[in-house]
Amino acid sequence: MATEYERKRLENIRRNDEMLAALNVRAKASILTAATKRPRDDSTKSYKKKEKQSKPETPIVMRKSLRTRGLDPDSVGLPNWFSDYPKRIPTPPQQYSSAPLQKSSARVLAPLPFDKAYDGEGSYKKFVETMLGTTASKSMVKDDCDDSVGDSSSTRRRSSRLSNAVVQKEEPVSSSGFVKKEAFVKKSCRGKLVTKDENGDSPMSSGNDCLKKEVIKPEKIDFEKIEFDREPLSLEPHNVARVVPGRILVVKFMPCQNVKLVAAGDKLGNVGFWNMDCGDEDDDDDDGIYLFRPHTAPVSSLVFQQNSLSKVISSSYDGLIRLMDVEKSVFDLVYSSDDAIFSLSQRPNDEQSLYFSAGYGMLYVWDLRAGKSVLNWDDLHEHRINSIDFSPQNPHVMATSSTDGTACLWDLRSMGATTPKTLKTVNHSRAVHSAYFSPSGLSLATTSVDNYIGILSGANFEDISMISHDNATNRWISTFRGVWGWDDSYIFVGNRPSKGIDVISTKLKRTVKELHDPLMKAIPCRIHCHPLNVGVVAGSTAGGQVYVWTPK
DNA sequence: TTTGGCGTTAAAGCA
DNA sequence: TGCTTTCCACGCCAAA
């Protein structure tokens, strides 16, 4: 229950804020600050804001339900304005265009048009064109799934399937819920139309695709041409950009081979897109970086819709899930809640369902078509769930990681109970920030702040090995998450002291490579390996920069 | 047992 | 170049 003291404290905060708002002190202070600020010397490519973002004038309010606040659902509890506290600050009608100070606090429980969400300086016209496929007719898109927050695991799976030539079919599942390893047949798929399923139907053909897609023929993607093991990766100056202003929590490549586009979500609620092909130095109005602000709190995950790459789902600590629909130029509101959403994922080949975690240990299955929750568990973990991922071998098997110090494997088919049992639980001594399946689905990698990266393998994931790795961060940088490369051989994870990326061999159980470059000025906390282009790796930092390594 | 304060220390912004 | 500010990740520990 909220204490008397807490109520008084909140009441004081509210009164003070109303007084400041009435005096318009903050707006005036902001004007003074803007008038006296120096232009920043920024030699690297960067997003351009409409106006300098002043520091937040209100505290970030973490979304918390009555339940997690310890209040009864029918309790009067905190005043109504508390959950939407920032909205109480008087805002002018043009808040989105000329008053980022006010804008920074408003949680809009409605679809948000691009015009209102856009926070860049130039035009986003080219971005829309690119996303709608007018320049992407050569694009090739993946055939199946995307993944969970801030990682790279399942978006790579297609590429891995191609490179490993692992034939995917309806896998037999053991009684324990795990796929029988021996059921898989390795053979070359060169020349096959890998985007078609067993019935000959292309999973890409459904839906109102915006991009002009082309069936991927394996011979078009010569994975052997680029051998990550042998060819070093390099960081070119033009592959460095500041995409968003705040600390990045999630970075994702658009799963498209011929359009080099990176999306990043930051602590302030921004979602930035960087079209790396758009490098027209003469065009001051469009440098390929497009900054939107669909959320008012940290963006926890970004997922490109599996069969419609012009749609991007975002989740946030502000309790909202939005669907960016480029065709309609709007960030639709999919879900809203008082609980912070810490992770979101989709199962392979099921783009109608969202799996997301909220508050402290809750997990929801949301039907996009029906617009409602079809399943939920209140206490899947004892603390926040940091990642959700699905086995590419068997999409019924889900992996979660949590601040409660565990990573768990679940069988979705036997989770009807209110307190479902795990298939496997991995115990770390501290918070676990990720648990991602390898591209083949045969291994799982967990990353914990206890300074270990766990590798689970074996037919039933019974073989657990812990690789020592310095995963310590602090409050100013995002926690590390080990992500898989393009096959089961390597895991990529940030290195704080060296400001680089460690490449860990799962076979040797140690770091075998380090990606360093003098251009790297900050720690790459969140990493994504391009799902279709082997050797292309993005690292993102607390300063909002994205660094993209490419094969030499 | 719960709660809240504190230490940690990266990186932008500013003078 | 150096100082200030940021401020909800996490663990530790003392106080309630």
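Below, chain A is the first sequence line, B the second, and so on; all start at residue 1.
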Can you tell me how far [atom2] of [N] sits from [atom1] of [X], to the nearest Å?
X	N	atom1	atom2	result
A/I523	C/dA9	CD1	P	16 Å
A/N386	C/dC8	CG	C1'	13 Å
A/R481	C/dA9	CZ	P	11 Å
A/D450	C/dG11	CG	P	9 Å
A/N474	B/dA11	CG	C1'	10 Å
A/I248	C/dA9	CD1	C1'	18 Å
A/Y317	C/dC8	OH	P	10 Å
A/R526	B/dA10	CZ	C1'	15 Å

>> Determine whether the aromatic ring of A/W476 stacks with the base of C/dT6, defined as ring centroids separated by less than 5.5 Å and ring planes inclined by less than 30°.
In response: yes
>> Determine whether a donor-acceptor pair (N or O, by modelled atom type, separation under 3.5 Å) exists between the side chain of A/D339 and the backbone of A/G359.
In response: no
From [options], pick the nucleotide closest to the side chain of [X]?
X	options	result
A/R242	B/dA11, B/dG13, C/dA9	B/dG13
A/R475	C/dG11, C/dC8, B/dA11	C/dC8
A/K267	C/dA9, C/dG11, C/dC7	C/dC7
A/Q545	C/dG11, C/dA9, B/dA12	B/dA12

> C1' atom, C/dC8 versus B/dG13: distance in rounded Å?
Replying inline: 22 Å
> Can you tell which of A/D404, A/T446, A/T406 makes a side chain to side chain donor-acceptor pair (under 3.5 Å) with A/H428?
Replying inline: A/T446
>> Check this one for me: any side-chain N or O of A/R496 less than 4.0 Å away from OP1 or OP2 of B/dA10?
In response: yes
> Below 4.0 angstrom from OP1 or OP2 of B/dA11, is there any side-chain N or O of A/K499?
Replying inline: yes
> What pairs with A/F127 under ring pair (Phe, Tyr, Trp, His ring centres under 6.0 Å), at least two apart in sequence or on another chain?
Replying inline: A/F273, A/Y290, A/F292
> Can you list the residues that meet the ring pair (Phe, Tyr, Trp, His ring centres under 6.0 Å) rule with A/W410, with sequence neighbours excluded?
Replying inline: none
> Do A/S301 and A/S343 touch side chain to side chain, with heavy atoms closer than 4.5 Å?
Replying inline: no
